[in-house]
Amino acid sequence: MNRRTFIKGAAAALGPIAAGTAYGAQQPNVVLIFADDLGYGDLSSYGSHIKTPHLDAMATEGVQFRQFYSANPVCSPSRASILTGRYGVRCGVPGVLQSKDPGGLAESEVTIAQMLKQVGYKTMCVGKWHLGCPDKYLPTTRGFDEYYGIPYSNDMLPSVLMHNKQVIESPVDLPSLTMRYTDQAVDFIRRSKNSPFFLYLAHAGPHIPLTPSPAFLGKSGLGLYGDVVQELDWSVGKVLAALAENGLDENTLVIFTSDNGPWYQGSPGRLRGRKGETFEGGMRVPFIARYPAQIASGGGSRRPGRRVVDSMATTMDLLPTIAAFTHAPLPGNALDGVDISAVLTGHETEARREVFLYFIGWELQAARLGPYKLHVSRFNAPAYAPYPMIGLHNYPLLRPELYDLESDPEEAFDISLTNPDIVADLLKRVKQMLPTLPIEVQTAWNDTQSLSSKVYPNEPGAYPTPIFP
């Protein structure tokens, strides 16, 4: 794609996005499986040496995305986004919630579960919640009929396992957790087979501490991390088998992805960066979807027998996509995600979307449209290092950095100086979106840009201060 084609095509993207397409008369079941800190390069279908045969089979029977993104490089905001179709900064969840925090996902937000309850779905959340611990924020008040899991990360204290709103175990026996989550998921499928259902299965692994069950300990030959990933793959196999055993296989949409990139263990593949960073390795994650009644497999040129989609998509796209497949009414809140159902089914090659924004906390650090990604600011150290950094600050870059992610997914070659029109266009789009974002984002943006003259006092090519009034 040359510069003129980009500018012309990008202008069309500002037009209205078509409403979701309805598919079929029968409401599908929906199973959304969310791994924790699983990297882009951690599945064998994405190039890993870790054996993941059940996810490989799921990809072969469905579709695999090459450019799929979490909406945030850390836990809580990414979970807010996948359930609401909106950026975490809009949902009252800009960063990681702690176990004692009084807040959570804003009560004005509508989750996938709440949306599907309107059209008769049974709903269950199994696993990590991490969107608030007070009663009003727990899953059973956010559209889920039932909840079983740890309400935050598995490394946070106090270590508690909950059923609905009751603590049933403390401390939690972590090595048995994946198997117990899987048993709960399978049981829910069996109990709900006579009604459309939504199962949100949010695993604890491979977030640390790495605690595979005895059945998988040492089995991968690739350390504890490989053992945990193989056990997650086993869990996917058990869920798929339960669907088949109960006659639900054909009419169930199963989605597997991750909340962000890997921390200091795990692999981002060839991508730059890790969890807590807005480089690709922090936010590009595996995505596999299977729905035999609607998603055709095969036909891809990259891997015979497997359809690999090159179009960009994000976790925020799942709510409007599920709404299209299930005939559910969209929430009243303006969505940041778009319906990708036609891409999943193969009727279209890509969805129309506005610029995609890369946040960490309130900081807007990068933006992407089409193949082009523009970095505008960066922390002075990894925001999620194994040991928290003292004096962490967000600084403007001397000049925006532009990368063509189609030819340079590693973000190794800055092409901003030879493509000033693309840089200007992306900056213009960010400027247009900024007033629609929370005041905290606008303030953080101006605060960062105001540092330009201080950090680069002798650089005439540095940002004006600030870019946006």
Side-chain angles (χ1 to χ4, degrees), residues 31-48 50-59 62 64-65 68-83 96 125-131 149-150 152-155 174 177-182 184-185 199-213 216 220 222 224-240 254-269 271 274-276 281-290 313-315 318 384:
V31 177
L32 174 54
I33 306 174
F34 212 26
D36 193 349
D37 288 5
L38 183 77
Y40 184 78
D42 281 336
L43 304 182
S44 56
S45 60
Y46 283 84
S48 176
I50 302 171
K51 295 179 181 179
T52 53
H54 298 290
L55 282 161
D56 291 352
M58 183 176 159
Q64 175 177 323
F65 276 56
F68 190 85
Y69 292 83
S70 166
N72 199 278
V74 296
C75 302
S76 297
S78 71
R79 290 161 197 280
S81 292
I82 199 171
L83 288 176
V96 177
C125 174
V126 177
K128 178 176 177 177
W129 177 240
H130 215 177
L131 291 174
I150 299 176
Y152 30 77
S153 288
N154 56 333
D155 62 336
L174 294 177
L177 201 57
T178 297
M179 288 192 171
R180 286 192 283 173
Y181 282 173
T182 305
Q184 289 289 325
L199 169 63
Y200 175 47
L201 174 54
H203 279 292
H207 192 289
I208 60 169
L210 299 170
T211 54
S213 68
F216 285 88
S220 71
L222 296 169
L224 290 177
Y225 193 91
D227 297 344
V228 169
V229 173
Q230 286 200 346
E231 188 164 11
L232 292 180
D233 179 74
W234 164 85
S235 175
V236 171
K238 295 295 286 186
V239 170
L240 294 175
V254 182
I255 294 168
F256 179 91
T257 188
S258 177
D259 64 344
N260 45 248
W263 195 5
Y264 65 95
Q265 297 195 58
S267 171
L271 305 175
R274 307 180 79 82
K275 176 180 181 177
M283 294 177 65
R284 194 187 294 200
V285 291
F287 177 87
I288 299 170
R290 181 184 185 276
T314 82
T315 51
L318 297 185
Y384 214 79

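Just so it is clear, the model here is predicted, and its values are computed rather than measured. No hydrogens, no waters, no symmetry mates; every other heavy atom, side chains included, goes into these values.
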Does any part of the side chain of [Y], heavy atoms only, come nearer than 4.5 Å to the side chain of [X], both counted from C-beta?
X      : Y      : result
Leu177 : Thr211 : no
Phe216 : Thr178 : no
Ile150 : Leu174 : yes
Ile208 : Tyr264 : yes
Ser78  : Thr315 : no
Val126 : Leu199 : yes
Ile255 : Ile288 : no
Val254 : Ile33  : yes

Non-hydrogen atoms of [X] and [Y] that approach each other most closely:
X      : Y      : result
Pro268 : Pro262 : N-CG, 3.7 Å
Ser153 : His207 : OG-NE2, 3.8 Å
Met179 : Ser213 : CE-OG, 3.4 Å
Ser258 : Val285 : O-CG2, 3.7 Å
Cys75  : Lys275 : SG-NZ, 3.7 Å

Interatomic distance, [X] atom [atom1] to [Y] atom [atom2] [nearest 0.5 angstrom]:
X      : Y      : atom1 : atom2 : answer
Thr314 : Met283 : OG1   : CE    : 8.5 Å
Leu38  : Asn260 : CG    : CG    : 9.5 Å
Tyr181 : Leu232 : OH    : CG    : 11.5 Å
Met58  : Leu240 : CE    : CG    : 6.0 Å

My understanding is that only residues two or more places apart in sequence, or in another chain, count here; which of them pass ring-ring contact (aromatic ring centres under 6.0 Å, His included) with Phe68?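 For Phe68 the ring-ring contact (aromatic ring centres under 6.0 Å, His included) partners, ignoring immediate neighbours, are Phe287.
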
Test of understanding: with ring-ring contact (aromatic ring centres under 6.0 Å, His included), list the residues that count as partners of Tyr40, not counting sequence neighbours.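 ring-ring contact (aromatic ring centres under 6.0 Å, His included) list for Tyr40, sorted by chain: Tyr46.
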
Output all residues satisfying salt bridge (Lys or Arg N to Asp or Glu O under 4.0 Å) with Asp259, sequence neighbours left out; order by chain, then residue number.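 Applying salt bridge (Lys or Arg N to Asp or Glu O under 4.0 Å) to Asp259 gives Arg79.
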
Please name all residues satisfying salt bridge (Lys or Arg N to Asp or Glu O under 4.0 Å) with Arg290, sequence neighbours left out, ordered by chain then number.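 Only Glu61, Asp249 meet the salt bridge (Lys or Arg N to Asp or Glu O under 4.0 Å) criterion with Arg290.
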
Do the rings of Tyr200 and Phe34 sit parallel, tilted or perpendicular, given the 30° and 60° boundaries?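 Judged by the thresholds at 30° and 60°, the geometry between Tyr200 and Phe34 is tilted.
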
For Tyr225, does its backbone N or O pair with a side-chain atom of Gln265 as donor and acceptor, under 3.5 Å?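 Not a single qualifying donor-acceptor pair exists.
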
In chain order, what residues pass the side chain to side chain donor-acceptor pair (under 3.5 Å) check against Thr52, with sequence neighbours excluded?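 By the side chain to side chain donor-acceptor pair (under 3.5 Å) rule, Thr52 matches Ser44, Asp56.
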
Could I get the full list of side chain to side chain donor-acceptor pair (under 3.5 Å) partners for Ser235, not counting sequence neighbours?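 Residues passing side chain to side chain donor-acceptor pair (under 3.5 Å) with Ser235: Thr182, His203.
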
With [X] via side-chain contact (heavy atoms from CB on, under 4.5 Å) - residues at least two apart:
X      : result
Ser220 : Leu222, Asp227, Gln230
Ser267 : Asp42
Val228 : Pro206, Leu210, Pro212
Ala80  : Cys91, Val93, Leu105, Leu131

Derivation of the side chain to side chain contact (heavy atoms under 4.5 Å, CB included) call for Asp233 and Phe256: CA-CA 10 Å; Asp233 179 74; Phe256 179 91; over 6 Å; no

Would you sort out whether Gln184 and Leu201 count as a side chain to side chain contact (heavy atoms under 4.5 Å, CB included), showing the intermediate values? CA-CA 9 Å; Gln184 289 289 325; Leu201 174 54; over 6 Å; no

